[in-house]
Amino acid sequence: MAPASVAAGGVLTAMATGALAASVAASGEAFKVSGDRLTGSGFTALPGLNVDSKTGAKHPVVVVTAQEAEVSNLCVSVLVKTPVGPVTVHMNAGDDEPVTATGLVVDSDQLQGDIKFTDVLGRAEGGSSGGFLARTARVTVHQPRFTGWQGTAGSFRLKGLSMRIKPGAHECF
């Protein structure tokens, strides 16, 4: 168990410093993300479908991308069902210095917050699936809250990372 713990710690450290690309998926469970403020550049949102690779379960989503993103007071949580009851994996970062990410892609089925788009690009229609497509040079979201099924980034930088496992339901929102 000790070698696995050291390896996991090394991976978390590499992700936190931005030295390693990161991918988040919660084995068919949705994860929740919140923060005080999210800003991003090169933002797009288009309809999509997330398919769980293990179960084949399909979830309609909005695929949100940002070339660069920054989140202050980030909270990420995953509620996991176990034989002894629910357990929450809970992570916080960015209290003093915002969390930064590049090449961010998130499959989300719930998005909320106070949003401002700057320099909207192109038309807000189309998309190969017949749905909508939104593109903007910059986006700012105050009090962002979203539920995601999968997230990837070219890099993450998480200053002040704190991760805990808590018995019971202790989600970000």
**OP:** Could you list all the salt bridge (charged side-chain N to carboxylate O under 4.0 Å, His left out) pairs where at least one residue sits in residues 161-173, not counting sequence neighbours?
**Re:** Lys32-Glu171
**OP:** Using the test side-chain hydrogen bond (donor to acceptor under 3.5 Å, both in side chains), find all partners of Gln67 that sit at least two apart in sequence or belong to another chain.
**Re:** none
Original post:
side-chain contact (heavy atoms from CB on, under 4.5 Å) between Thr140 and Arg37: does it pass, once the steps are laid out?
Top reply: CA-CA 7 Å; Thr140 302; Arg37 179 180 162 163; 3.9 Å; yes
Original post:
What are the two closest non-hydrogen atoms of Leu49 and Val61, and how far apart are they?
Top reply: N-CG2, 3.9 Å
Original post:
In the single-linkage hydrophobic clustering (I, L, V, M, F, W, Y; side-chain heavy atoms under 4.5 Å), do Leu79 and Met91 co-cluster?
Top reply: no
Original post:
Distance from Leu158 atom CG to Thr100 atom OG1, nearest 0.5 Å?
Top reply: 7.5 Å
**OP:** Please list, chain by chain and in numerical order, all residues satisfying salt bridge (charged side-chain N to carboxylate O under 4.0 Å, His left out) with Glu68, sequence neighbours excluded.
**Re:** none
Original post:
Only one of Val105, Thr44, Leu111 forms a side-chain contact (heavy atoms from CB on, under 4.5 Å) with Val64, so which one is it?
Top reply: Leu111
Subject >> Pairs flagged by disulfide (SG to SG under 2.5 Å) wherever residues 33-88 is involved - sequence neighbours left out >> reply: Cys75-Cys172
Original post:
Where is the tightest heavy-atom contact between Ala30 and Val78, given as atom of each residue plus distance?
Top reply: O-CG1, 4.1 Å
**OP:** Could I get the full list of side chain to side chain contact (heavy atoms under 4.5 Å, CB included) partners for Val33, not counting sequence neighbours?
**Re:** Phe31, Leu74, Val76, Phe146
**OP:** Might you point out which heavy atoms bring Gly168 and Thr88 nearest each other, and give the distance in Å?
**Re:** O-OG1, 2.6 Å
**OP:** Using side-chain hydrogen bond (donor to acceptor under 3.5 Å, both in side chains) as the criterion, list what pairs up with Thr147, not counting sequence neighbours.
**Re:** Gln110
Original post:
Can you name the closest pair of heavy atoms from Arg145 and Gly35 and give their distance?
Top reply: NH1-O, 3.0 Å
Original post:
Got a sec, which residues hit side chain to side chain contact (heavy atoms under 4.5 Å, CB included) with Arg138, two or more places apart in sequence or on another chain?
Top reply: Thr39, Ser41, Thr118
Original post:
Looking at residues at least two apart in the chain, or sitting in another chain, which of them share a side-chain hydrogen bond (donor to acceptor under 3.5 Å, both in side chains) with Thr102?
Top reply: Ser155
**OP:** Apply side-chain hydrogen bond (donor to acceptor under 3.5 Å, both in side chains) to Asp119 and list each qualifying residue two or more places apart in sequence or on a separate chain.
**Re:** none
Subject >> Non-neighbouring partners of Ala57 that pass side chain to side chain contact (heavy atoms under 4.5 Å, CB included), sequence neighbours left out >> reply: Asp52, Thr55, His59
Subject >> Pairs where residues 75-103 contributes a residue and the test salt bridge (charged side-chain N to carboxylate O under 4.0 Å, His left out) is met, not counting sequence neighbours >> reply: Glu97-Arg157
**OP:** Not counting sequence neighbours, which residues clear ring-ring contact (aromatic ring centres under 6.0 Å, His included) with Phe43? List them please.
**Re:** Phe117
